[in-house]
Amino acid sequence: MRQQTRPISWIKAARRDFEKFPAEAQSICLTALTVAAEGGKADIAKPMLGLGSGVLEIALPFRGNAFRVVYAVQIGSDIWVVHAFQKKSTQGIRTPKHEIDLISDRLRKLKEMLQ
């Protein structure tokens, strides 16, 4: 039995930021989100530690830049995209604290909104 494809929902600010990505980078990330919506996990997606289970990050190295799309799979019935950003490498591989704070704040608000 094939699993039902889940809808992909976006927090408005995440969608706006995502639309600033180069078209090819958007396409690759959307493919990874589609895999998630179908119940799988793309090779470029990995769990985002410290934000609870079910929060994943698409990490896309693209033409010398690093693009990130953070989504939650355990809030409501949809896949929720909570943040999208271009990572400016200031401290290597780690996601900057202000990005983590923004993500956790959006997750908290999203959970409240969907209760």
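For the single chain, residues carry numbers from 1 onward in sequence order. Everything numeric here is computed off the predicted structure, so don't read it as measured data.
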Within a strict 4.5 Å, meaning less than it, do heavy atoms of the [X] and [Y] side chains meet?
{"X": "L107", "Y": "I75", "answer": "yes"}
{"X": "P22", "Y": "F67", "answer": "yes"}
{"X": "K87", "Y": "N65", "answer": "no"}
{"X": "V82", "Y": "L110", "answer": "yes"}
{"X": "F18", "Y": "V69", "answer": "yes"}
{"X": "V70", "Y": "L56", "answer": "no"}
{"X": "I28", "Y": "F21", "answer": "no"}

Chi angles and distances behind the side-chain contact (heavy atoms from CB on, under 4.5 Å) call for I11, V81: CA-CA 6 Å; I11 285 180; V81 179; over 6 Å; no
ring-ring contact (aromatic ring centres under 6.0 Å, His included) assessment of W80 paired with Y71: CA-CA 5 Å; W80 277 93; Y71 65 96; over 10 Å; no
Minimum-distance pair of heavy atoms, taken over all atoms of [X] and [Y]:
{"X": "S77", "Y": "R6", "value": "O-NE, 2.9 Å"}
{"X": "A84", "Y": "D17", "value": "O-CB, 3.2 Å"}
{"X": "V35", "Y": "A42", "value": "CG1-N, 3.6 Å"}
{"X": "I58", "Y": "C29", "value": "CD1-O, 3.8 Å"}

By side chain to side chain donor-acceptor pair (under 3.5 Å) - contacts of E112 (at least two apart): R108
Verify same cluster id: I103, I8 (apolar side-chain graph, 4.5 Å):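 No, it is not one cluster - the side chains of I103 and I8 are not joined through contacts under 4.5 Å.
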Transitive ILVMFWY side-chain link F62 to L30, under 4.5 Å: yes
Heavy-atom neighbours of D101 CG exceed 12 at 6.0 Å: yes
Side chain S27, main chain A23, donor-acceptor under 3.5 Å: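 Absent.
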Exam field: side chain K109 to backbone M113, donor-acceptor pair closer than 3.5 Å: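 Answer holds: no.
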Salt bridge (charged side-chain N to carboxylate O under 4.0 Å, His left out) contacts touching residues 56-67 (sequence neighbours left out):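 Qualifying pairs: E24-R63, K46-E57, E57-R68.
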Spacing of T95 atom OG1 and L49 atom CG [to the nearest 0.5 Å]: 9.5 Å
From E38 atom CD to I79 atom CD1, the distance as rounded to the nearest 0.5 Å: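 Reported value, rounded in 0.5 Å steps: 10.5 Å.
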Geometric class of the F85/H83 ring pair [parallel <30°, tilted 30-60°, perpendicular >60°]: parallel
Evaluation steps, side-chain contact (heavy atoms from CB on, under 4.5 Å), between Q74 and V55: CA-CA 8 Å; Q74 294 179 340; V55 179; over 6 Å; no
